[in-house]
Number of protein chains: 2
Amino acid sequence: MEKHEVKAAKCAAQLSAVEDAIYVLGGKWKLRILIALLTGYHRFNELQRTIKGISARVLSAELKSLELNGLVKRVVKADQTPVVVEYLPTEYTRSLKQIITVLGDWGLKHKKRITGKGVKIMEKEVE
Amino acid sequence: MEKHEVKAAKCAAQLSAVEDAIYVLGGKWKLRILIALLTGYHRFNELQRTIKGISARVLSAELKSLELNGLVKRVVKADQTPVVVEYLPTEYTRSLKQIITVLGDWGLKHKKRITGKGVKIMEKEVE
DNA sequence: CAGAATCCGTTAGGATACTG
DNA sequence: CAGTATCCTAACGGATTCTG
């Protein structure tokens, strides 16, 4: 195998692996939900309050998707009234901690970089 | 500050940092483009060939967005005919290497996890 | 509280064709 | 080669209302 073929193969492998990760974790909300989950928020409305801006509809859909991928466990405690539903992180969810850490670190640096320079790329204010 | 307030503050900080990262790197293509860039692909059509499935329109738009964020440098070599345009990673781009590595590792594990179990979450085939 | 149902606007991004 | 220009649609996601 020649040099550029090696390069191509490595790039393709990297590309495909990252692609898979993005496929599961991508989108606006999934990682945020997982962070809240790992932080200790487990109830539906609690999650909605913690994750600013998410609607019940979207939260519900995202939780289902995450459950399909084994990243959330939905637990119904039927022995209580009213019924309590909890969304719990799984063992598998904890394997994401490194991703979250690394991404968070970079995001922090990036914010400092742009606010430090006084550059505003796009408007993002809320109020 | 009480315990749950600390938790809330930490979670919010983490949330906001990751949010910032997603804002810049999110979407279907940005990270893939950066990987190709870091691997050594610099020309427009070269990138399009390497990143399977991306259209010229989208590639063009994404490159502009990345350039705005300082993650790509567009270099025109006017001393040649025809004019050669190169998209080069910056120093700042290299700060993403860890993210790419971690994300790639996880994606690889995840793929093994699902293919190993024979689970097909959603259809994703191309042909 | 924990959602489902409905409606509806925005947008990411695909397909194709064209240009200097 | 290095893009632009158009057109178009599927998916994302916001707002609101309703329910057991």
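We name chains A, B, ... by the order of the sequence lines, and we start the count at 1 in each one. Bear in mind that the values here come from a model prediction, so they are computed numbers and not experimental data.
Contacts with DNA chain D (heavy atom under 4.0 Å) in residues 24-49 of chain A: A:Lys28, A:Trp29, listed by number.
Under a 4.0 Å N-O distance rule, the pair A:Arg32/B:Glu19 qualifies as a salt bridge. With respect to the salt-bridge test (charged N to carboxylate O, under 4.0 angstrom), the residues B:Arg43 and B:Glu86 do not qualify. Looking at A:Arg94 and A:Glu91, a side-chain N of the basic residue comes within less than 4.0 Å of a carboxylate O on the acidic one, giving a salt bridge.
Rounded to whole Å, atom C1' of C:dA15 lies 14 Å from atom CD1 of B:Ile54. Distance, B:Leu59 CG to C:dA15 P: 15 Å, rounded to whole Å. Here C:dA5 presents its C1' atom at 11 Å from NZ of A:Lys64, a figure rounded to the nearest Å.
Proximity of A:Ser60 to the phosphate of C:dA4: a side-chain N or O atom is located under 4.0 Å from OP1 or OP2.
Annotation: cation-pi geometry satisfied between B:Lys7 and A:Tyr41 (NZ/CZ under 6.0 angstrom from ring centroid, within 45° of ring axis).
Bracketed by its first and final contacts, the part of DNA chain D lying under 4.0 Å from non-hydrogen atoms of chain A reaches from D:dG13 to D:dA15 in 5' to 3' order.
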A:Leu25 vs A:Leu71, side chain to side chain contact (heavy atoms under 4.5 Å, CB included): CA-CA, chis, key distance, verdict
CA-CA 10 Å; A:Leu25 307 174; A:Leu71 291 167; 4.1 Å; yes
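Checked by atom type and distance alone, the side chain of A:Glu62 never pairs as donor or acceptor with a backbone atom of A:Leu59 at under 3.5 Å.
Aromatic ring centres of A:His110 and B:Tyr23: separated by at least 6.0 Å.
Classification of the B:Phe44-B:Tyr87 ring pair by plane angle, with boundaries at 30° and 60°, yields tilted.
Between B:Ala56 and B:Glu62, the residue anchored closer to the 5' end of DNA chain C is B:Glu62, taking for each the nucleotide with the nearest heavy atom.
The base of C:dG14 sits with one of its N or O atoms less than 3.5 Å from a complementary donor or acceptor on the side chain of B:Arg57.
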